[in-house]
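Presented below is the structure to which this report refers.
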Amino acid sequence: MKAIPDKPTLDGVEARFVEQWEADHTYAFDRTAARADVFSIDTPPPTASGSLHVGHVFSYTHTDTIARFQRMSGKAVFYPMGWDDNGLPTERRVQNYYGITCDPSLPFDPTFEPPAEPSKHAIPVSRPNFVALCERLTQEDEVAYEQLVRQLGISIDWNYQYTTIGANARRVSQRMFLNNLSRGEAYSQEAPTLWDVDFRTAVAQAELEDRDRPGAFHDIAFHAPDGTDVLIATTRPELLASCVAVMIHPEDPRAATLTTLRTPIYGVEVPVIKDELVDREKGTGVVMCCTFGDLTDVTWWRTHNLPTRAIIGRDGLIIREPHDTIAATETAAAAYAEIAGRNVKQAQTRVVEQLRESGELVGEPKPIQHPVKFFEKGDRPLEIVTSRQWYIRNGGRDADLRAALIERGNALAWHPDHMRHRYVNWVGGLNGDWLISRQRYFGVPLPLWYRLDGEGQPDYSAPIVPYSDSLPMDPSSDVPDGFTADQRGKPGGFMGDPDVMDTWATSSLTPQIAGRWGTDDDLFARLFPMHMRPQSHEIIRTWLFATVVRAHFEHDSLPFMNASISGWILDPDRKKMSKSKGNAVTPIDLLQQYGTDAVRYWAASARPGVDTAFDEAQMKVGRKLAVKLLNASKFVLSFGVTHATVDIANVTDPVDRSMLAGLAALIDECTPAFAGFDYARPLERTEAFFWDWCDNYLELVKSRAYGSRGPEAATSAQAGLGIALSVIQRLLAPFMPFATDEVWSWWQPGSVHSQAWPTVSELSAATADADPLVLDMAAEILGHIRRGKTEAKRSMKWAVDSAEVHDTAPRLAAFQQAIHDVSDAGLVATWTCTEISPDQEKIVVHVLAESSNPT
RNA sequence: GGGCGCAUAGCUCAGUUGGUUAGAGCGCUGCCCUUACAAGGCAGAUGUCGUGGGUUCGAAUCCCUCUGCGCCCACCA
């Protein structure tokens with residue numbers, strides 16, 4: 001406790017309390033707490049590349065208010081912090097930041113230092129050098145992030161911090177993968193895969209997005225054996241050399257007679273195949289199947305067991321060496337040579353010219369806008385290439401598993417509830433298993449080696465797995481049992497799996513990573529399943545679903561019991577605020593300008609799950625509330641109210657007891673809302689109560705608290721003020737941790753954040769037969785007195801000789817119990833109360849005369 | 001094409017299982033330096049609750065239709 005300042009201020013509270021909370025371990029998790037007393041939070045680890053933005057402030061505040069409520073409600077709150085530093089965003093940031101690029105063929109250079117300024121042309125560095133720089137930069141970012149999260153007053157226990165590239169995360173991720181492998185839930189397969197030609201990696205279904213791109217239908221002539229032509233419409237004429245069949249709907253009249261066609265330019269004979277997937281209304285109703293133009297091609301290639309004639313390489317260029325079918329004829333090979341080595345766009349231009357020259361392009365290309373699949377982080381359309389990849393089953397190819405995972409989603413409590421539809425919708429629409437391998441560098445390595453046969457060819461059917469006590473491991477430097485290092489890459493030796501796991505394959509294990517599964521199973525048992533998973537809705541299909549999949553396999557349970565889904569921040573044009581759009585606001589400036597509590601107020605005002613406009617006006621309102629709390633607290637304490645003297649037994653005046661009854665109703669509304677993950681309602685109701693309390697109750701009783709009605713009446717007022725102040729400060733603590741701890745420190749021991757959440761029962765001694773109407777009537781009539789003075793253009797301290805009130809009997813009776821305070825607050829000398837029947841107009845107050853004022 | 005959400009004061013939004021005269025804040029207008037607070041306080045004005053229909057004694061609230069906006073998924077020849 002310390003003295004009440006003469007001039008209360010919010011200046012400096014953030015720095016002061018951040019330090020004090022740390023020193024006092026205010027938010028330390030009690031790991032000895034029984035499972036029943038724990039509330040565990042599966043904190044979203046933000047991507048540690050760049051800077052935190054106002055969206056983080058928004059959603060982290062939401063979770064923090066819940067955490068603080070649960071802590072005050074007596075739970076041991078497990079609130080860890082993680083940083084998602086592995087994966088592509090980091091790689092990309094490191095490339096730009098240092099001006100480097102990773103070339104795995106280079107040897108490690110222990111002396112390499114990136115230039116101070118990134119050079120225009122990226123410097124190639126080895127994989128170990130690259131990873132080291134990734135780690136260096138993410139560590140710098142994480143320090144800056146931690147500072148902001150602390151300044152935001154997020155009540156993290158910083159002893160439970162993790163990164164998704166750290167040793168523990170790698171260990172958990174690899175161990176879980178090996179468990180999946182041993183149970184048959186993970187498998188590798190050589191198959192056509194969506195491929196990003198810039199990042200040169202496979203991508204998963206969950207990371208796709210459609211973008212509308214201009215294209216054009218080209219009508220091109222295929223040749224039938226009888227000399228007639230069949231027109232085929234395509235947007236990708238450059239893939240003509242990879243055509244393996246022509247597809248036609250079974251009910252198309254042409255299907256009866258057509259059996260084979262020859263492709264234009266190359267003259268390759270391809271079969272005509274009937275398939276119901278063909279849309280007779282689209283294009284010419286006949287379509288070529290290439291390996292591979294889109295996912296429908298892959299379907300046809302599978303169902304009809306078609307050959308593979310790939311022409312696009314992993315670098316996105318047309319493969320230089322033509323496949324056998326093209327190479328078989330000189331003219332075909334010659335035509336192909338003109339596109340070999342070119343990119344897709346150049347190849348298309350050339351192929352269209354060739355078709356024009358040969359007269360096989362019919363009419364002009366018809367421009368269209370059409371959706372094209374992109375990697376969500378990529379800039380060029382995805383191609384489909386065949387490669388060996390690792391998958392984890394997710395129900396995309398197994399109806400029973402899919403049903404079980406949908407059932408998991410339905411068993412989860414969603415806040416708000418309608419968010420469950422996104423989950424069910426997504427899982428129901430899966431069309432393949434989860435592709436987890438990535439041909440990248442900064443990630444958790446797949447913990448596998450492969451035996452090489454006498455030819456040096458790997459045996460993928462029986463990977464060599466490490467011992468679980470040797471995790472985390474890196475197969476590119478670690479050597480499997482029974483081999484020596486010099487056998488790496490040699491016939492009869494071994495090779496490490498070159499790939500890393502997708503970042504979601506690790507972040508899907510945040511409950512296990514944060515809970516130290518496998519290394520501290522006692523802790524894990526107290527935490528898991530987590531009580532709360534906070535996250536935004538656009539990653540339900542990725543982070544949330546993936547976490548459910550992993551827990552389903554490993555623990556046969558949900559990973560968390562409640563999913564609390566936050567909305568987005570919208571800019572004034574109602575567009576999502578995001579770093580990439582360049583419309584995001586820097587949170588640091590806001591925190592400095594309005595104060596943390598004010599920014600938190602804005603965030604907590606938004607209903608759970610609702611997209612919310614960025615609104616600085618709300619922050620001003622929040623700041624006003626924080627300042628009001630300081631002033632009102634100082635005023636109440638100026639009556640000599642102290643921690644020691646506040647006693648519910650002293651509350652005898654009906655006005656005070658009426659006020660506490662209203663306060664009890666407030667608690668009764670806030671507590672269940674908070675317990676149901678709704679922070680916005682408690683804030684709204686508490687704020688409304690508090691302003692009303694200041695405007696009316698405080699004004700009504702201050703004269704009595706000064707002693708105008710004798711010592712006992714003063715004691716009652718002071719006790720009422722003190723008790724209410726304590727409750728209000730605690731109710732606001734989750735939202736305004738700095739201002740509330742400041743005012744708490746003026747008169748109470750310890751931090752407000754370590755106090756018990758207010759209960760109705762702590763007030764019941766004074767509220768048992770209290771009537772809320774007493775204070776309502778007092779406030780209403782005081783309002784009329786004020787209005788009378790305002791309309792008479794008089795000051796509020798203008799005295800009134802007499803006032804008359806017309807109202808019904810019960811309301812007058814309630815007013816009688818407060819008449820002393822209304823008289824004092826309104827400076828009214830005498831009252832005339834007239835009873836009316838309920839059907840007459842109620843509350844008529846006449847302010848009659850004002851003779852006793854100085855002139 | 002399928003799914004989800006939203007539509008209430010000039011603006012941002014509350015409105016819980018249907019129930020008196022639909023609320024708050026911002027903004028606006030007026031008054032007041034009142035014993036916490038003038039970067040404040042007090043008071044005031046402001047609504048065909050998106051459209052059309054239905055259920056009901058009674059609908060912002062429940063049901064149906066339509067319109068507009070946003071998001072997710074599918075389609076990608």
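Just so it is clear: chains get the letters A, B, ... in the order the sequence lines come, proteins before strands, and each one is counted from 1.
- Separating the CG atom of D11(A) from the P atom of A39(B) is a distance of 15 Å, rounded to the nearest angstrom.
- Residue contacts for L698(A): at a heavy-atom cut-off of 4.0 Å it reaches a base atom on one of the strands shown.
- A parallel orientation is assigned to the rings of F690(A) and W693(A), their planes being inclined by less than 30° (bins at 30° and 60°).
- Taking atom CG of residue D279(A) and atom P of nucleotide A77(B), one finds them 10 Å apart after rounding to whole Å.
- Among the heavy atoms of the strands lying under 4.0 Å from Q205(A) are primed sugar atoms or P, OP1, OP2 only; no base atom is included.
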(message) Walk along nucleotides 25-35 of chain B from 5' to 3' and tag each nucleotide B, S or - by protein heavy-atom contact under 4.0 Å, base first, then sugar-phosphate.
(response) SS---BS--BS
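- Among A77(B), A36(B), C71(B), the nucleotide with an atom closest to any side-chain atom of W568(A) is C71(B).
- Here the separation of A14(B) from A24(B), taken at their P atoms, is 16 Å to the nearest Å.
- Separating the NZ atom of K282(A) from the C1' atom of G1(B) is a distance of 12 Å, rounded to the nearest angstrom.
- Under the rule for a salt bridge (charged side-chain N to carboxylate O under 4.0 Å, His left out), D294(A) has no partner lying at least two apart in sequence or in another chain.
- Atom CZ in F222(A) sits roughly 11 Å away from atom C1' in A77(B) (whole-Å rounding).
- With sequence neighbours excluded, the residues that form a salt bridge (charged side-chain N to carboxylate O under 4.0 Å, His left out) with D252(A) are R254(A).
- Heavy atoms of A688(A) sit nowhere under 4.0 angstrom from any nucleic acid atom.
- Spacing of P atoms, C13(B) relative to G50(B), comes out at 15 Å, to the nearest Å.
- When the side-chain contact (heavy atoms from CB on, under 4.5 Å) test is applied to R380(A), the partners found at least two apart in sequence or on another chain are V197(A), D198(A).
- In this structure, the NZ atom of K620(A) is 18 Å from the P atom of C11(B), given to the nearest Å.
- Atom name P, nucleotides U67(B) and U29(B): the rounded distance is 42 Å, in whole Å.
- Between the side chain of D615(A) and the base of C11(B), no donor-acceptor pair under 3.5 Å is found.
- Residues satisfying the side-chain contact (heavy atoms from CB on, under 4.5 Å) test with S566(A), not counting sequence neighbours, are S59(A), H62(A), S536(A).
- Judged as a side chain to side chain donor-acceptor pair (under 3.5 Å), the pairs with a partner in residues 233-243 of chain A (not counting sequence neighbours) are, in order, R236(A)-E238(A), R236(A)-E383(A), E238(A)-Q348(A).
- Between R709(A) and D824(A) there is a salt bridge, since at least one side-chain N of the basic residue sits less than 4.0 Å from a carboxylate O of the acidic one.
- Across A22(B) and C26(B), the matching P atoms stand 22 Å from one another, rounded to whole Å.
- Not counting sequence neighbours, the partners of K366(A) by the salt bridge (charged side-chain N to carboxylate O under 4.0 Å, His left out) test are D219(A).
- On the C1' atoms, U12(B) is 26 Å away from A59(B), given to the nearest whole Å.
- At a threshold of 4.0 angstrom between heavy atoms, the contacts of D210(A) include nucleobase atoms, whether or not backbone atoms are also involved.
- When heavy atoms are screened at a 4.0 angstrom cut-off, V278(A) is found touching base atoms of the nucleic acid.
- Atom CZ in R681(A) sits roughly 17 Å away from atom P in C13(B) (whole-Å rounding).
- With U12(B), A77(B), C73(B) as the candidates, the nucleotide lying closest to the side chain of R541(A) is C73(B).
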Check: protein-nucleotides 2-9 of chain B nitrogen or oxygen pairs below 3.5 Å:
residue	atom	partner	partner atom	Å
G2(B)	N2	N425(A)	ND2	3.2

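- Distance from the side chain of N631(A) is smallest to C37(B) among C37(B), C42(B), A77(B).
- Residue E742(A) contributes atom CD, which lies 15 Å from atom C1' of A36(B) at whole-angstrom precision.
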(message) Please evaluate residues F375(A) and W195(A) with respect to the criterion ring pair (Phe, Tyr, Trp, His ring centres under 6.0 Å), reporting the C-alpha separation (whole Å), side-chain torsions for both, the decisive distance (0.1 Å), and the verdict.
(response) CA-CA 8 Å; F375(A) 176 36; W195(A) 185 270; over 10 Å; no
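- Whole-Å rounding puts the D6(A) CG to C37(B) C1' distance at 14 Å.
- Within the structure, every side-chain polar atom (N or O) of R685(A) is placed at least 4.0 Å from both OP1 and OP2 of A14(B).
- At a threshold of 4.0 angstrom between heavy atoms, the contacts of W602(A) with the nucleic acid are absent.
- Using a 4.0 Å heavy-atom distance criterion, C289(A) is classed as making no nucleic acid contact.
- Taking for each of P8(A) and R280(A) the nucleotide of RNA chain B with the nearest heavy atom, the 5'-most of the two is the partner of P8(A).
- We find that R607(A) and E684(A) are joined by a salt bridge, their nearest charged nitrogen and carboxylate oxygen being less than 4.0 Å apart.
- Taking only side-chain nitrogens and oxygens, T296(A) never comes nearer than 4.0 Å to OP1 or OP2 of A77(B).
- Residue R787(A) places no side-chain N or O under 4.0 Å from the OP1 or OP2 atom of C42(B).
- Under the side-chain contact (heavy atoms from CB on, under 4.5 Å) criterion, D668(A) pairs with V760(A), sequence neighbours left out.
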(request) Represent RNA chain B in dot-bracket notation, 5' to 3'. Only Watson-Crick or G-U wobble pairs with both distances under 3.5 Å count; pseudoknot-style crossings use [ ] and interstrand partners use |. (result) (((((((..((((.....[...)))).(((((.......))))).....(.(((..]....))).))))))))....
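- For D695(A), the listed nucleotide lying nearest its side chain is C42(B); candidates were G41(B), U16(B), C42(B).
- C42(B) and C33(B) are spaced 16 Å apart, taking the P atom of each and rounding to whole Å.
- Straight-line distance between the P atoms of C49(B) and U8(B): roughly 11 Å, to the nearest whole Å.
- For the C1' atoms, the distance from G18(B) to A74(B) is 39 Å, rounded to whole Å.
- Closest heavy-atom contact between K797(A) and L827(A): O-CD1, 3.1 Å.
- When heavy atoms are screened at a 4.0 angstrom cut-off, R623(A) is found touching no nucleic acid atom at all.
- Taking K628(A) as the reference, nothing meets the salt bridge (charged side-chain N to carboxylate O under 4.0 Å, His left out) condition, with sequence neighbours excluded.
- With sequence neighbours excluded, the residues that form a side-chain contact (heavy atoms from CB on, under 4.5 Å) with M796(A) are R786(A), K789(A), T790(A).
- Formation of a donor-acceptor pair under 3.5 Å by the W602(A) side chain with backbone atoms of M619(A) is not found in this model.
- Distance from the side chain of K628(A) is smallest to A36(B) among C73(B), A36(B), A77(B).
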